[in-house]
Amino acid sequence: MDLVGACRAFINVSKHGSFTVGAAAARMSQSVASRRVAALEDHFGEQLFERRSRRAVLTPFGRDMLPVARQLVQAADVLLDEAEAAKRKPWRLAVPGICSTVDLARLVADARGHGVILDLRVAAPAQRMELIHAQQVRAALRAVPPDEARWSVPLGLAGAQDPGVKRVYLDTLRMGRASAGPARRIWIQPEDDVPHIRDPLTRLRDAVGLRPAQVVAGADLTTAAAEVLCTRDLLLCSPAQADELALTWRPIGETMLSRGFALAAADGNPQHIEARLGDAIARCLGADTRTGTAGGAAA
């Protein structure tokens, strides 16, 4: 039995003294109102109304039950209102600063299609976790090593000029005694200034004999990209970022580096949002929606 619906019919019939008028006020047919009140009476084992020719008059039992029925319906209405408000409440998500405005807008639009209103907070890797710990966001995209990643995006080196090769080897950046001009640098943007990306690149730098200053952590992507655009320096980035900046992207010859992302939720249960938005997040990050890893890298 629909107890709330039955109580709603009971209240409206008692208010108007008529099953016909009360049913209309409750936005149901007269037959439905009659069945619901009858079911309620069967449930209680007592009559709520005395049925007269054109009127429905409350019995003493009905008068006793009416205040409680009103409380139940009011509580149900409050519950429904709160549920609607909760669905409209923005779902705060901390995201990396590598996504373009278009990609972030599409993520928000995709989320709305799944009944989720996103409120995005763009932040660096460490800041995203701080936002989670301070409970200022409900979830964050963590920067993690590839073996822990739900989504992965390959990294390579991009420059303003076509290198004329399929892969860029770091040892080709080594400065010899006869080398002219400044040493070419590799710029790391803040999103990639994390141990599982920075440390392997630094070890490779040392192994091939580059100078320490040839791998530089940029303060922000704009500064790093500007240096690359006006020099022969290279930017460590994804293929999508290289396209956006009109740079030529190539994989690194000596190693494979990738960004890894996993969803961390403040309540410890990210599966419910992954199930709804996993593909949309993959598209925003530039990862493959089928495998969670990015495709399209140059061979």
Side-chain angles (χ1 to χ4, degrees), residues 93-99 103 121-133 137 139-158 167-171 173 185-221 223-225 228 233-242 245 247 249-266 268 270 274 278 281-289 291-298:
L93 174 66
V95 297
I98 58 169
C99 303
D103 289 333
R121 295 286 189 271
V122 178
Q127 293 171 331
R128 295 199 295 273
M129 297 314 298
E130 290 173 3
L131 289 172
I132 276 280
H133 294 148
V137 296
L141 286 169
R142 295 172 52 222
V144 298
D147 59 351
E148 300 175 19
R150 170 68 170 79
W151 302 277
S152 294
V153 181
L155 294 174
L157 297 174
R167 295 178 179 272
V168 175
Y169 288 83
L170 263 65
D171 63 3
L173 308 181
R185 295 170 294 182
I186 296 173
W187 287 86
I188 302 177
Q189 52 190 294
E191 184 60 34
D192 301 322
D193 193 11
V194 289
H196 58 272
I197 295 175
R198 180 189 62 240
D199 293 352
L201 187 62
T202 301
R203 288 194 295 269
L204 179 58
R205 174 201 68 188
D206 296 340
V208 301
L210 299 188
R211 299 173 182 177
Q214 284 185 262
V215 174
V216 186
D220 52 69
L221 176 57
T223 300
V228 171
D233 289 352
L234 299 169
L235 176 68
L236 183 70
C237 66
S238 68
Q241 285 185 301
L245 295 167
L247 300 174
W249 186 92
R250 292 291 184 270
I252 299 173
E254 296 97 339
T255 189
M256 292 180 62
L257 296 177
S258 63
R259 292 181 185 130
F261 296 98
L263 194 64
E274 281 187 11
I281 291 172
R283 284 190 291 270
C284 184
L285 295 172
D288 193 307
T289 57
T291 64
T293 58

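All values below were derived from every heavy atom in this structure, side-chain atoms included, with hydrogens, water molecules and symmetry-related copies excluded. Along the sequence shown, residues are numbered consecutively beginning with 1.
We find the CG-CG distance between L170 and L204 to be 4.5 Å, quoted to the nearest 0.5 Å. In this structure, the separation between CG on L257 and CG on D192 is 8.5 Å, given to the nearest 0.5 Å. Taking CG of L155 as the reference point, atom CD1 of I252 lies at 7.5 Å (rounded to 0.5 Å). Note that CD1 of I197 is 8.5 Å distant from CD1 of I188, once rounded to the nearest 0.5 Å. In this structure, the separation between CG on D103 and CD1 on I98 is 9.5 Å, given to the nearest 0.5 Å. Note that the CG atom of L285 and the CZ atom of R259 stand 9.0 Å from one another [nearest 0.5 Å].
In this structure, D233 contributes its side chain and R185 its backbone to a donor-acceptor pair below 3.5 Å. Between the W249 side chain and the C237 main chain, a donor and an acceptor come within less than 3.5 Å of each other. The closest donor-acceptor contact from the side chain of R198 to the backbone of D193 lies under 3.5 Å. Listed for the R128 side chain is a donor-acceptor partner under 3.5 Å among the backbone atoms of A123. In this structure, the side chain of E254 engages the main chain of D171 through a donor-acceptor pair within 3.5 Å.
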Kindly determine whether I132 and V137 satisfy side chain to side chain contact (heavy atoms under 4.5 Å, CB included), including the steps that lead there.
-> CA-CA 6 Å; I132 276 280; V137 296; 3.9 Å; yes
After noting the C-alpha distance and the side-chain angles of I281 and F261, does the key distance pass the side chain to side chain contact (heavy atoms under 4.5 Å, CB included) rule?
-> CA-CA 10 Å; I281 291 172; F261 296 98; over 6 Å; no
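Every side chain to side chain contact (heavy atoms under 4.5 Å, CB included) that E148 has, sequence neighbours left out, goes to R142, V144, P145. Residues that satisfy the side chain to side chain contact (heavy atoms under 4.5 Å, CB included) test with P270, not counting sequence neighbours, are L263, A265, E274.
Between L235 and Q241 there is no side-chain heavy-atom pair separated by less than 4.5 Å.
Of all heavy-atom pairs between S258 and P146, the closest is OG-CG, 3.4 Å. In this structure, W151 and A287 approach most closely via the heavy-atom pair CB-CB, 4.2 Å. The minimum heavy-atom distance linking A94 with L131 is given by the pair CB-CD1, 4.0 Å.
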Side-chain polar contacts of residues 211-220 - donor-acceptor pairs under 3.5 angstrom, sequence neighbours left out - could you list them?
{"residue": "Q214", "atom": "OE1", "partner": "R211", "partner atom": "N", "Å": "2.9"}
{"residue": "Q214", "atom": "NE2", "partner": "L173", "partner atom": "O", "Å": "3.0"}
{"residue": "Q214", "atom": "NE2", "partner": "R184", "partner atom": "O", "Å": "2.9"}
{"residue": "D220", "atom": "OD1", "partner": "T222", "partner atom": "N", "Å": "3.2"}
{"residue": "D220", "atom": "OD1", "partner": "T223", "partner atom": "N", "Å": "2.7"}
{"residue": "D220", "atom": "OD1", "partner": "T223", "partner atom": "OG1", "Å": "2.9"}
{"residue": "D220", "atom": "OD2", "partner": "T223", "partner atom": "OG1", "Å": "3.3"}

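Considering S238, C99, P96 in turn, P96 is the only one that fulfils the side-chain contact (heavy atoms from CB on, under 4.5 Å) rule with E191.
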